[in-house]
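Every chain is numbered from 1 and lettered A, B, ... according to where its sequence line falls, protein lines coming before strand lines. Given the structure is predicted, the values throughout are model-derived calculations rather than measurements.
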Protein chains: 2
Amino acid sequence: MRGLHADTGYLLYRLGLRSGQLFNASLQESGLRLRHYAVLRLLATTEGALQRELSARLGYDPSAIVGLVDDLEKLGFAERRPSPDDRRSRIVVLTDEGRTFLQDTDEAGTQVTNDLLGPLDAGERKTLHALLLRIAGDGLK
Amino acid sequence: MRGLHADTGYLLYRLGLRSGQLFNASLQESGLRLRHYAVLRLLATTEGALQRELSARLGYDPSAIVGLVDDLEKLGFAERRPSPDDRRSRIVVLTDEGRTFLQDTDEAGTQVTNDLLGPLDAGERKTLHALLLRIAGDGLK
DNA sequence: AACAACTATTGACGACACCAATTATTGCTC
DNA sequence: GAGCAATAATTGGTGTCGTCAATAGTTGTT
């Protein structure tokens, strides 16, 4: 009979849980959670994104995006702007406050990754990251 | 500004989610979920475990173990037996039905892992698994 | 004998993945 | 160009899950 962690899939599941917990604990004092942080990080790379783009790229349900952007707007980290092309869409953009928040919390994020990857040296971390990216595939790119 | 998946921690979080979803989908027809499956797999290796041991080894809250064992008992896959040493404890053991269930679903489990690790060859999978085990550390052993 | 520690259990709460339905708008097509 | 399928954002509901607090029964210690 195979052991509990013979399955890479189950290992991934458990480590994913742990990773999310560490991230959320690290973000707790800011009032945000990992999901909000992911939205901010994505917005920082795209200079404005439709909510459906956020949904597709982050893998969150469209209905979840609504609440996340609501929260970010309340905190002044993001704004909804009307799309000139399509009046159904809203363009979500990062505010200056959001950008400085990202800069301030950047160190905390890398600290979490350090805790998580503890026993691995730099080379192993690179290897792991590359393998995970391969698994992630286009859906999460 | 760093990209969304520059963080190995976030990658792990997302892949853990996906892995759990795949597992649960695969187990759906059996009426069990990943958590039940993990309990069964652990029981198969230990020949009887206290519920607090299940809680510690699997990382699930003690209160969660109660419901999981309830479900497994209803399906006839596991049993609670009184502990001769300590009347507070219950020893959870795998039944014959549970054992045959594990054998029948073993293939489904490896299928999930195959889907998940799709683009990786055998050597890369070994590497990934070893790295993840290192990260997991003693807590998940 | 009294008291702290532990096991299993119950209950509550928030977060979240998932799905269905609605409204406003757009694009297609006949 | 009128009707209709498709789309974007939103609301609401459901079940799972992680977390914590509280309790009853039991054990070990002092």
- Query: To the side chain of Arg88(A), which of dC16(C), dA8(C), dT25(C) is closest?
  - Reply: dT25(C)
- Note on the structure: Out of dA8(C), dT9(C), dT19(D), minimum distance to the side chain of Leu50(B) belongs to dA8(C)
According to a strict under-4.0 Å criterion, is [X] in side-chain N/O contact with OP1 or OP2 of [N]?
X        : N       : answer
Arg33(A) : dC16(C) : yes
Arg90(B) : dA8(C)  : no
Arg80(B) : dT9(C)  : yes

Could you tell me how far apart [X] ([atom1]) and [N] ([atom2]) are, to the nearest whole angstrom?
X        : N       : atom1 : atom2 : value
Glu53(A) : dA8(D)  : CD    : C1'   : 11 Å
Asp71(B) : dG15(D) : CG    : C1'   : 13 Å
Leu34(A) : dC17(D) : CG    : P     : 19 Å
Asp85(B) : dT26(D) : CG    : C1'   : 13 Å
Asp86(A) : dC28(C) : CG    : P     : 12 Å
Asp61(A) : dG13(D) : CG    : P     : 16 Å
His36(A) : dG14(C) : NE2   : P     : 15 Å
Leu58(A) : dC16(C) : CG    : C1'   : 15 Å

- Chi angles and distances behind the side chain to side chain contact (heavy atoms under 4.5 Å, CB included) call for Leu27(B), Arg33(B): CA-CA 6 Å; Leu27(B) 291 169; Arg33(B) 287 182 304 277; 5.7 Å; no
- Message: Could you check whether Arg14(B) makes a cation-pi contact with Tyr60(A), meaning its NZ or CZ is under 6.0 Å from the centre of the six-membered ring and within 45° of the ring axis?
- Response: yes
- Query: Same hydrophobic cluster for Leu11(A) and Leu42(B), using side-chain heavy-atom links shorter than 4.5 Å among ILVMFWY?
  - Reply: yes
- Query: In terms of the nearest nucleotide of DNA chain D, which residue is placed more toward the 5' end: Tyr60(B) or Pro62(A)?
  - Reply: Pro62(A)
- Return the 5'-most residue of the pair Tyr13(A), Val69(A) with respect to DNA chain D, ranking by each residue's nearest nucleotide. Val69(A)
- Message: Within a 6.0 Å radius of atom CG on Asp121(A), are there more than 12 heavy atoms belonging to other residues, nucleotides or ligands?
- Response: yes
- Message: Quick check: any donor-acceptor pair below 3.5 Å linking the side-chain of Arg87(A) to the base of dT25(C)?
- Response: no
- Look at the side chain of Ser63(A) and the base of dC19(C), then say whether one donor and one acceptor between them are separated by less than 3.5 Å. yes
- Task: Would you indicate whether the side-chain heavy atoms of Tyr37(B) and Leu32(B) approach each other to under 4.5 Å?
- Result: no
- Message: Taking any heavy-atom pair under 4.0 Å as a contact, classify Phe23(B): base, sugar-phosphate, or nothing.
- Response: nothing
- Task: Name the nucleic acid region contacted by Leu17(A), choosing base, sugar-phosphate or nothing; use a 4.0 angstrom heavy-atom cut-off, strictly under.
- Result: sugar-phosphate
